[in-house]
Amino acid sequence: MKIASKYLPGQVEKNWYQKWMDNNAFGSVPDNRESYTIVIPPPNVTGVLHMGHMLNNTIQDVLVRRARMKGFNACWVPGTDHASIATEAKVVQKLRKEGIKKSDLTREDFLKHAWDWTDKHGGIILEQLKNIGASCDWQRTAFTMDAKRTESVLKVFVDLYEKGYIYRGQRMVHWDPEAKTSLSDEEVLHKDVDAELFYVNYEIVEKPGKFLTIATSRPETIMADRAIAINPKDERYSHLHGMNVRIPLNNIEIPIILDEYVALDFGTGCLKVTPAHDWNDYAIGEKHGLEVIDVFNENGTLNKHGLEWNGLDRFEARQKIAESLNDSGFLSKVEKYKSSIGTSERTGAVVEPRLSLQWWVNMQDLAKPALSAIKDNEIRLIPDKFKNTYAHWMNNIKDWCISRQLWWGHQIPAYFYGGDDQFVVALGPEEALVKAREATGNNQLSLSDLRRDEDCLDTWFSSWIWPISVFDGINNPNNKDLNYYYPTQDLVTAPEILFFWVARMIMAGYEFTNVKPFENVYLTGIVRDKKGRKMSKSLGNSPDPLELINKYGADGVRMGMLLSSPAGNDLPFDEDLCLQGRNFSNKIWNALRLIDGWEVDESIEAGDAEKWAINWFGEVLSQTLEDLNSDFEKYRLSEALMRIYKLIWNDFCSWYLELVKPAYGEPIAKDVFDQTKYFFDSIMKILHPFMPFITEEVWHLLSPEPDNKFINNEDWPNARVNSRVYLEQFTHVEELITALRTFRKEKNIAFKQGLDLRIKNDLPEGIAAVKKLTNVASISSEWLDTGSPILAGAREYQIILDDSIADISDEEKLNIEKEVSYLLGFIASIEKKLSNPNFVNNAPSQVVDLENKKIGDAQSKLKVLKSRLN
RNA sequence: GGGCAAUUAGCUCAGUUGGUUUAGAGCAUCGCCUUGACAGGGCGGGGGUCACAGGUUCGAAUCCUGUAUUGCCCA
């Protein structure tokens with residue numbers, strides 16, 4: 001068969017994925033093998049594949065494929081997340097473009113639009129995962145808002161409510177004026193910005209004409225001021241204790257109060273207290289019994305308290321009000337200063353503190369087992385540097401605000417039969433009615449008297465039970481799948497969602513199943529561009545993974561990503577790495593072409609060089625397999641891949657194949673050929689988790705297997721030998737070969753011209769290999785004074801040359817002199833060490849012996865080099 | 001502002017409890033070679049006072065202290 005000289009991944013990859021699908025190659029059902037499970041971090045249902053997914057899912061695929069070959073019943077569960085706020089924002093935006101306002105729609109109509117959108121765009125990302133080779137069990141695909149998952153979420157809500165963890169409370173929350181919803185603490189990102197500090201004068205009521213100056217960054221909220229606070233220790237203001245001031249613009253009188261919280265050195269030392277619009281002011285307000293006046297509407301515009309600025313956006317109002325204060329003489333100055341503001345993780349809007357009635361989960365007790373699980377290594381974090389951060393967060397955990405003023409999500413299963421505190425929590429309306437009748441004692445109550453809570457749940461309230469709910473373990477505890485696949489083994493995700501998701505899954509795992517949800521958490525880094533910037537749509541610096549796949553093949557891109565992604569470290573992505581991956585595919589392809597072209601002759605015997613090569617490579621392979629086990633144990637995937645890369649490119653292609661390769665036109669001995677195929681087969685298996693497509697293709701071409709048998713179902717190769725005899729011999733073989741190659745180069749001797757090699761001592765092991773790779777024509781131990789000396793390691797050789805080229809050139813001389821001076825320096829440094837009595841007396845004897853050996857070796861080298869110069 | 005981590009070759013990273021030659025790998029770079037697997041190749045080089053300053057030790061990239069820079073988390 002004639003195989004193309006270049007490997008073209010496009011069609012090969014499509015063909016194999018189709019065959020894998022046709023044969024349900026990744027399907028898993030419980031059997032008597034041990035299970036290995038990964039649940040996918042569900043991407044947003046309407047999302048498209050970006051580089052972060054590419055990295056994350058490639059890692060999962062490597063782990064799953066390897067587990068499959070290691071004999072586990074491996075199951076990778078795919079699925080998507082409804083992504084409440086993100087999806088709702090997208091749908092609102094899309095409707096706006098069509099001229100439809102969300103506020104004009106009923107909940108039902110809006111949800112219909114949202115489902116249409118989901119049906120249209122949903123699942124695209126799962127199809128894209130197939131392009132990268134993801135070996136998911138597609139029959140288990142789940143969605144956080146499908147029937148089973150929805151039922152699970154409601155059950156969990158009811159359960160936690162009945163246990164007393166969930167409560168309703170009027171509290172300060174983070175408010176996103178763009179999405180018009182509350183947010184959890186975790187959904188708020190803090191950013192440093194350049195802001196302005198406005199110095200505003202408030203007239204002192206008891207001293208007309210006298211003013212008190214306060215510094216504020218938010219003049220638009222002054223109408224809601226309910227006090228001016230000063231530190232009781234602040235002597236500058238002690239004469240004002242007990243007095244009042246008048247708010248500019250609305251002339252309302254408010255008291256001057258004393259509170260230790262006020263910093264003496266910030267601004268003027270006077271703080272305007274606006275309980276409705278600042279977390280700290282709220283606390284001060286509660287302490288001093290101040291009224292809470294909210295000047296904003298839910299979309300961040302000013303309301304009726306905003307006087308003439310009623311209806312104006314908060315930022316515009318800030319400028320206008322500052323101007324107005326200035327015009328009326330109340331503004332004394334404006335200063336620039338650095339400030340930190342909270343923004344919504346999803347919409348980017350600046351969040352407002354807002355007092356409102358929300359649903360909360362008390363986290364104190366849930367956090368306890370989750371904290372000790374990580375602390376006691378019952379669940380491993382990889383890398384473990386995140387343990388501290390995790391512990392810190394868990395120790396300072398606050399209650400979780402789970403209600404969102406959104407429609408796309410799981411509607412809260414609470415039913416009101418009266419006012420805000422008259423409700424029941426139930427799985428459905430009928431059950432709610434029973435409970436409501438019980439609660440009221442009114443049997444006349446009907447379904448139409450019940451009003452379901454309008455809000456829906458935080459997205460993470462469905463994903464925190466994901467490892468359980470994908471196996472339907474909430475609805476059917478102890479079902480066969482759950483018992484078999486759960487707890488799962490590895491979770492692969494980004495550190496950014498360690499608290500959002502991972503910590504909460506651990507809590508949910510212990511709370512709802514009494515066991516941990518997974519054994520290990522592998523935290524990937526963030527994919528960045530060459531300049532170190534995070535890849536994002538808005539920067540336009542994120543390559544499209546699918547285009548990369550077109551260019552380099554999925555295998556090439558997978559390798560590119562994995563080559564430089566140690567756990568927990570950011571990945572500075574560089575397309576050149578994919579190029580390296582593509583080149584590697586081509587290298588493998590051409591090794592196959594070489595073997596494919598060999599003619600086998602059963603009647604010939606393997607030569608010494610070939611025999612030596614087979615023994616040597618057998619040891620290299622075994623050694624690599626051992627090293628790989630330890631790499632995987634430590635989740636050092638980049639190192640594992642690099643190890644395989646070097647095994648294939650250097651050991652297999654550059655050394656082994658060159659050693660067993662028959663001369664042009666000559667046949668190869670059958671046992672050498674079979675051994676070579678066996679080695680090739682093994683290295684394809686080892687590489688398969690990383691580069692699934694080319695390995696599948698080559699494996700099938702190497703020894704035809706039926707199309708419905710796949711390399712991923714083969715056993716992972718075992719180390720066959722544990723000796724290191726040939727590995728040790730190789731050290732000197734390599735030294736000698738390199739020395740001879742260098743010699744040829746320096747003397748400008750063509751490879752075709754055979755060398756006459758003289759050996760001083762015994763014939764080294766593996767000399768046949770040296771002979772073959774360096775074209776040594778004759779070997780003898782007859783030592784001639786006229787021979788050109790060669791040094792390989794610490795051993796001496798000679799090459800006999802015609803007089804015409806035997807003399808050393810100036811260039812050679814220069815090289816030798818360089819080496820001599822290096823050795824002299826080296827010897828001096830060791831002599832210094834050895835002449836130090838403290839070293840000789842204190843260091844262990846092996847260390848001292850070693851230094852003596854070093855010096856001996858160096859001296860004999862020096863001797864040879866000097867003899868060459870004469 | 002508080003906490004955590006990092007700093008080793010042009011780039012990305014290894015370097016296990018301090019001692020295996022004056023620190024390794026891949027990529028990049030430079031030179032030479034290349035009609036019988038592969039220029040998407042082969043061979044051979046060059047390149048680092050291990051961020052800086054102290055300290056502990058016979059011995060420090062490795063341990064300690066401080067400084068600087070960067071990143072992440074939290075407020």
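Naming convention: chains lettered A, B, ... in sequence-line order (proteins, then strands); numbering from 1 in each chain.
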- Message: Using whole Å, what does the distance between atom P of nucleotide B/C4 and atom CG of A/Asn388 come to?
- Response: 7 Å
- Task: Find the distance A/Asp574:CG to B/G26:C1' and express it as a whole number of Å.
- Result: 13 Å
- Side chain of A/Arg528: nearest nucleotide among B/G71, B/G41, B/G44? B/G71
- Message: Parallel, tilted or perpendicular, judged at 30° and 60°: which one describes the rings of A/Phe617 and A/Phe652?
- Response: tilted
- Nearest-angstrom distance from the residue atom CD of A/Glu575 to P of B/G40: 17 Å
- Name the nucleic acid region contacted by A/Glu658, choosing base, sugar-phosphate or nothing; use a 4.0 angstrom heavy-atom cut-off, strictly under. base
- Query: Heavy atoms under 4.0 Å, any strand shown: does A/Tyr645 hit a base, just sugar-phosphate, or nothing?
  - Reply: sugar-phosphate
- Task: Starting at atom CG of A/Asn590, determine the distance to atom P of B/C38, rounded to an integer number of angstrom.
- Result: 6 Å
- Task: Tell me what A/Arg636 touches on the nucleic acid: a base, only sugar-phosphate, or nothing, going by heavy atoms under 4.0 Å.
- Result: sugar-phosphate
- Note on the structure: Sorted by chain and number, sequence neighbours left out, side-chain hydrogen bond (donor to acceptor under 3.5 Å, both in side chains) with A/His732 holds for A/Glu735, A/Tyr797
- Task: With the side chain of A/Trp649 defined as its heavy atoms from C-beta on, choose the nearest nucleotide among B/G41, B/C73, B/G19.
- Result: B/G41
- Note on the structure: The correct set of residues in residues 842-856 of chain A placing a heavy atom under 4.0 Å from RNA chain B is A/Asn842, A/Ala843, A/Pro844, A/Val847, A/Leu850, A/Lys854
